[in-house]
Amino acid sequence: MKVFRSAIQSISQNRLRSSLAGFGIAWGIFLLVIFLGIGNGFKDGVMKMFNSFAQKSLFVYSGKPQVLFDKSVVDDLRQRYGCIVACSPEMTTPSMNVSYDGETVTSSVQGVSADYFKVKILNVKTGRGISHLDDFNGHNVAVIGESIQKSLFDKKDAVGKTIDIGGSLFKIIGTLASDDIFSVQERNSVYVPFEAFVGNFNSEGKMSSFCLSLSADSKTDEIEKDLQGYLAYRYGFDPHDDKALYIANIETQTSAFESLFHGLEVLIWIVGVCLLLSGIVGVCNVMLIIVKERTSEIGIRKAVGATSSSIISIIMAESLAITFIAGAVGIVTGSLVVLIANKVILPILNTEIMDGIQIDFPAVIAAFVILCLSGITAGIFPALKASQITPVDAIRYENRG
């Protein structure tokens, strides 16, 4: 304990030199806290977005005009693949006038079945979603997005009201919640039963997309490959023609993002460690200067009986103290910046792709422990050099020049 008190006293007597020695370490761990926080926040935000989809789900899109589906393909796929949990056709009109009580907005209108709400996990804020009975009977009912609700009804309850969609009347049965970036489309969309969409807006019943979700034990990559071949056979196109059909595999995309974030985390650690190493080298250089400046003091200590081990402990304690204090300052400063960013900056930016800056405390603590050990290591060479100083060296140093 006496050794550390001596180290703190030495640091306080040489504040500028000690501050310069610790700046590189403080800056390195400060950036590590910030970078890890941003990386974790970005990862959590993106992964949260994928929660908007059933993880084992496939979205199938036609790429050519001659490849158009009808609702029978949904029934056929249910019979062909027993692992299908939900399957829904999807028919879209990108721009259609939606009116209520003299107010009109332009909206995307989509015809889907009740299963669509299970594949693309849409959270109903008020009312209910489309039921199988609604679709079977072709009821003129609608579920509207948040932006449509605000534009037509402001703060009033929209459920139960009747709106005009492209000249046809639909009763609103529910409104959607929007809590992630993938729900941007849903905010400006109106969902109606598939049969009602066909009856009111598309008498041919041809669609360019459908979606399905699979059971938990399914291998989505194998189903995707088999589905590509089956649809190619059914609709007469080359199964290797990437332009004829596109299948979005949510599980594969999620895994790709997880690999991306793992690589990003490794990169952040490499940058952070490099910054910390440069700081450690700075501490080592400063400690060498300290040893040179304290040659007389060390020589006198040796003359009055100080052992080499005690000299080594003094120098290493000072190196550890500088590293510890600088690392603590970096962590505290970084945490304060993260707190300010979460409370002030992110609400202003109103970004949904960043789920807050998340401090990775286990990683930061591990880095801090490694940093302290590195501080001890940085002091070894200067300490050994100091232990080799003799009283004669101190006299020569005093009488130099």
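Atoms considered below: every heavy atom in the structure, side chains included; atoms not considered: hydrogens, waters and symmetry mates.
- Of all heavy-atom pairs between Ser209 and Phe69, the closest is N-CD1, 3.9 Å.
- Using a 4.0 Å cut-off between charged nitrogen and carboxylate oxygen, Asp226 and Arg80 count as a salt-bridge pair.
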Evaluate the criterion side-chain contact (heavy atoms from CB on, under 4.5 Å) for residue pair Arg128 and Asp134; output intermediate values, then yes/no.
CA-CA 11 Å; Arg128 64 176 179 86; Asp134 291 327; 2.7 Å; yes

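- For Lys125, the NZ atom sits in a loose shell: 12 or fewer heavy atoms of surrounding residues, nucleotides or ligands are nearer than 6.0 Å.
- With 3.5 Å as the limit, one finds a donor-acceptor pair spanning the side chains of Thr104 and Ser99.
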The test is ring-ring contact (aromatic ring centres under 6.0 Å, His included); show your working for Phe59 and Tyr246 and say whether it passes.
CA-CA 8 Å; Phe59 288 76; Tyr246 172 70; over 10 Å; no

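- Here the side chain of Asp241 pairs a donor or acceptor atom with the backbone of Lys243 at under 3.5 angstrom.
- Put simply, the side chain of Val192 does not reach to within 4.5 Å of the side chain of Val141, judged on heavy atoms.
- Side-chain contact annotation: Ser95 with Thr106, donor-acceptor N/O pair under 3.5 Å absent.
- There is a side-chain donor-acceptor pair under 3.5 Å between Asn140 and Asn200.
- Side-chain contact check for Ser72 and Asp70: at least one donor-acceptor pair (N or O, by modelled atom type) lies under 3.5 Å.
- With respect to Lys71 and Glu195, a salt bridge is recorded, a charged nitrogen being found less than 4.0 Å from a carboxylate O.
- Phe194 has its ring centre no less than 6.0 Å from the ring centre of Tyr116.
- More than 12 non-hydrogen atoms from other residues, nucleotides or ligands lie less than 6.0 angstrom from OH of Tyr81.
- Contact record, Ser189 with Ile148: O-CG1, 4.1 Å, taken as the closest heavy-atom pair.
- Using a 3.5 Å distance cut-off with no hydrogens or angles, the side chains of Ser113 and Ser88 do pair a donor with an acceptor.
- Counting only N and O atoms by type, the side chains of Glu251 and Thr220 include a donor and acceptor under 3.5 Å apart.
- Side chains of Ile165 and Val109 form a contact here, defined as non-hydrogen atoms less than 4.5 Å apart.
- Classified by interplanar angle (parallel below 30°, tilted 30° to 60°, perpendicular above 60°), the ring pair Phe170/Phe201 is parallel.
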